[in-house]
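Below, chain A is the first sequence line, B the second, and so on; all start at residue 1.
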Amino acid sequence: MSDKPSLPKGTRDFGPQQMAKRNYILNTIRGVFETYGFMPLETPAMENLSVLTGKYGDEGDQLLFKILNSGDYLSKVEKPIDKSAKELLPKIAEKGLKYDLTVPFARYVVMNRHDITLPFKRYQIQPVWRADRPQKGRYREFFQCDADVIGTDSLICEAEIIMMMNSTLGKLGLSDYTIKLNNRKVLTGITEAIGAPGKESDFCVAIDKLDKIGLEKVLEELSDRGLSDDSIQKVVPILEITGDTQEKIEKLKTILATSETGLAGIQEIEAVFSLAKTMEGDLSKVNFDITLARGLSYYTGAIFEIQVNNVKIGSISGGGRYDNLTGVFGMPNMSGVGFSFGVDRLYDVLEELGLFPEESLTSTQALIIHFDAPSQNFGLGVAAALRKSGIKTEIYPDKAKIKKQFTYADKKNIPYTIIIGSEEMASKNLTFRNMQTGTEEKLTVDQIIEKLS
RNA sequence: GUGGUUGUAGUUCAGUUGGUUAGAACGCCUGAUUGUGGUUCAGGAGGUCGUGGGUUCGAGUCCCAUCUUCCACCCCA
């Protein structure tokens, strides 16, 4: 009835001020990625559903946005009323919006395997869509910034990821965060050691919640998920392991002594720490966290997550190693590792902590203010000269009262105004006003350019 | 997807047990100040109370549906 416009649930517009802040984040991330030799890649917003489904688990399939076929999309359906959604879907939709950037990347690698040189390093900054129920820091359309290396199993990649995380967050002014590191092999090793092999995913889902719901509840959930009392008994000392990374590693080595996989995981973690140290990395914020599990089923080795402390928002970054993601597309044994920043959450965090620098917000440097048609006309030449020197300049387009033009500059946070009237035109000395201090001086166009360059 | 929550001016919010013409602050516009913004003062504009139904003599207020917001679960950036 109402023709008031609205947005789909969980989506947002980004106004000029927000875009300035987002670009500041994006440029920072892009700069770091490129410093480490990653090259940009973009893939379509939509993929064939055959590419997307089955990669994210049953939950993930539910969260995929499907795209209705074009044209008479019901033509292939015989008796639509009798069909269940599950049977109907493949007949009316064959495309979907992408759910993350990693699966399309794997698809790209497989399709272009003869064209790319391995190891292949790419970064990708694009929106993804999930039909989740929105909450704070959780949207239906959001941007991911992925960096992945595929075609090598070198642990240098893992170490470099830690370096990139530190570097990016440092540049953004964040200091109070924790990079959590774990390894799926360690988790597998634990399930073997406690006599619950094959229960890995149940185990992961439960212990992932340790810091959220506490030890008791986790044990309850493990029991609900079918672990034996004996196994649960054996889990307790593992979850209670404390100490610094080195101590945790030593303790786990004893516990996992019988598990080949588990020991391999421990060794990888040690190697990553050692490599990062050799790269002169700051490891003070990196924490070997036994309870870090992560949901995505394709991870097989290292897993990462970043938690910003003292901010009530979910993780701002996650990633890990996957040994066989391209396998489902017919290209087995391609190990890759990567991670992703969530721009939207990073934005919320920086906003909450007031970490956006002033410079990231100023757009126009100078506004030319005029009194009448002749002075406006004169201003056009001044604007052209400033712009030629690369100075972001605006001239007020209407004939308006001075007051209004000043207010405009004020609202837009423009730091300098150049006032042009008959006096200025006669003397060629323009009034150059610092909007913050209110001080004015008479300067020639060249002098103004020098000041602003 | 399950359970709960929210919606009143551009924004943040008041609005009594259902009762006449729905208020405030901030913002916006105009003027005091026709060559000077951010302060002050005076005035002004702006609302089919998310939307659609229902109960009632009467609904912003009660009921139902729907959309939206936020929260918990699930899961995740």
Side-chain angles (χ1 to χ4, degrees), chain A residues 1-12 15 25 29 56-64 85 99-102 125-146 201 204-206 208-209 212-213 217 221 292-297 299 303-308 312-320 338-349 367 369-372 375 396 399-425 430-440:
Chain A
M1 220 46 185
S2 162
D3 48 8
K4 277 182 193 167
S6 62
L7 282 172
K9 188 200 285 256
T11 65
R12 299 142 311 145
I25 296 174
I29 293 174
Y56 311 105
D58 288 345
E59 292 281 349
D61 288 353
Q62 293 291 316
L63 299 179
L64 282 172
Y99 179 91
D100 73 353
L101 300 178
T102 312
I125 300 179
Q126 289 191 270
V128 300
W129 294 268
R130 295 181 188 178
D132 210 348
R133 194 168 288 203
Q135 274 180 47
K136 193 177 195 68
R138 174 181 295 196
Y139 309 98
R140 286 185 149 183
E141 177 186 63
F142 62 98
F143 271 72
Q144 288 193 326
C145 304
D146 265 45
S201 67
C204 287
V205 171
D208 199 32
K209 300 174 189 165
K212 206 169 176 182
I213 61 177
K217 296 264 182 189
E221 181 156 349
L292 174 65
R294 295 191 53 77
L296 289 175
S297 45
Y299 292 129
I303 42 185
F304 310 94
E305 201 164 286
I306 303 179
Q307 187 68 50
V308 178
K312 42 192 181 312
I313 207 154
S315 71
I316 55 166
S317 176
F339 76 111
S340 178
F341 280 115
V343 195
D344 306 83
R345 286 189 175 176
L346 222 31
Y347 182 104
D348 290 345
V349 167
L367 174 73
I369 290 178
H370 46 79
F371 293 91
D372 47 27
S375 57
Y396 200 83
K399 266 175 64 186
K401 290 192 175 154
I402 298 301
K403 180 181 167 127
K404 191 161 188 183
Q405 300 185 52
F406 271 114
T407 306
Y408 176 82
D410 205 33
K411 286 281 152 57
K412 275 192 82 170
N413 238 320
I414 298 173
Y416 298 98
T417 48
I418 296 159
I419 300 110
I420 301 174
S422 48
E423 271 174 47
E424 283 85 355
M425 284 193 281
L430 312 182
T431 304
F432 181 72
R433 181 182 178 90
N434 179 322
M435 291 299 282
Q436 199 163 24
T437 61
T439 53
E440 287 183 359

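Atom CG in A:L367 sits about 12 Å away from atom C1' in B:rU36, given to the nearest Å. The nearest whole Å value for the distance from the CG atom in A:D344 to the P atom in B:rA77 is 13 Å. As a whole-Å value, the separation of A:F143 CZ from B:rC76 C1' is 18 Å. The distance from atom NZ of A:K411 to atom C1' of B:rG38 is 9 Å, rounded to the nearest whole Å. Note: CD (A:E305) to P (B:rC75) measures 13 Å, nearest angstrom. Remark: C1' of B:rG38 and NZ of A:K404 are 17 Å apart, rounded to the nearest angstrom. Atom P of nucleotide B:rA77 and atom CD of A:E141 are separated by 17 Å, given to the nearest angstrom. One atom, CZ of A:R133, and another, P of B:rU69, lie 11 Å apart when rounded to the nearest Å.
Remark: B:rA25 base-pairs with B:rU11. Criterion, Watson-Crick or G-U wobble with two distances under 3.5 Å. When both pairing distances are held under 3.5 Å, B:rC75 makes no Watson-Crick or G-U pair with any nucleotide shown.
Taking the side chain as every heavy atom from C-beta outward, A:Q126 and A:L101 approach each other to under 4.5 Å.
Judged by distance alone with a 3.5 Å cut-off, a donor-acceptor contact links the side chain of A:R138 to the base of B:rC75. Side chain A:R433 to base B:rG35: no donor-acceptor pair is found below 3.5 Å. Side-chain atoms of A:E440 come within donor-acceptor range of the base of B:rU36, with a qualifying N/O pair under 3.5 Å. Between the base of B:rC76 and the side chain of A:R345 there is a donor-acceptor pair shorter than 3.5 Å. Residue-to-nucleotide contacts include no donor-acceptor pair under 3.5 Å from the side chain of A:D410 to the base of B:rG38.
When heavy atoms are screened at a 4.0 angstrom cut-off, A:E423 is found touching base atoms of the nucleic acid. Counting any heavy atom pair closer than 4.0 Å across all strands shown, A:L346 reaches no nucleic acid atom.
Straight-line distance between the C1' atoms of B:rA59 and B:rU8: roughly 14 Å, to the nearest whole Å. Taking atom P in both B:rG18 and B:rU56, one finds a spacing of 16 Å when rounded to whole Å. Across the C1' atoms, B:rC57 and B:rG1 are found 45 Å apart, a figure rounded to whole Å. For the P atom pair drawn from B:rG10 and B:rC29, the interatomic distance equals 15 Å after rounding to whole Å. Using atom C1' as the reference point in both B:rA77 and B:rG15, the two lie 41 Å apart (nearest Å). Straight-line distance between the C1' atoms of B:rU17 and B:rC62: roughly 12 Å, to the nearest whole Å. Here, B:rU12 and B:rG50 have their P atoms 14 Å apart, quoted to the whole Å.
In the set B:rG35, B:rA77, B:rC75, the nucleotide with an atom closest to the side chain of A:Y139 is B:rA77. The side chain of A:S315 has B:rA77 as its nearest neighbour among B:rA77, B:rG3, B:rG35. With distances taken from any side-chain atom of A:K9 to the nucleotides B:rC75, B:rU36, B:rU69, the minimum falls on B:rU69. Nearest nucleotide to the side chain of A:Q135, out of B:rG38, B:rG3, B:rC73: B:rC73.
A donor-acceptor pair under 3.5 Å is formed between the side chain of A:R345 and the backbone N or O of A:S315. Between the side chain of A:R130 and the backbone N or O of A:Y99, at least one donor-acceptor pair lies under 3.5 Å. Side-chain N or O atoms of A:D344 include none that pairs as donor or acceptor with a backbone N or O of A:R138 at under 3.5 Å.
Judged by distance alone, the side chains of A:T431 and A:E424 do bring a donor and an acceptor atom under 3.5 Å apart. A side-chain donor from one of A:D372 and A:S375 sits under 3.5 Å from a side-chain acceptor of the other.
In this structure, A:K209 places its NZ atom where more than 12 heavy-atom neighbours from other residues, nucleotides or ligands lie under 6.0 Å away.
Proximity of A:Q436 to the phosphate of B:rG38: no side-chain N or O atom is located under 4.0 Å from OP1 or OP2. For A:K209 and B:rC73, the shortest distance from a side-chain N or O to OP1 or OP2 is not below 4.0 Å. Between A:K401 and B:rU33 there is no side-chain polar atom (N or O) within less than 4.0 angstrom of OP1 or OP2. The shortest distance between the side-chain N/O atoms of A:K403 and the OP1/OP2 oxygens of B:rG37 is not below 4.0 Å.
With its ring centre under 5.5 Å from that of the base six-membered ring and a plane angle below 30°, A:F142 counts as stacked on B:rA77.
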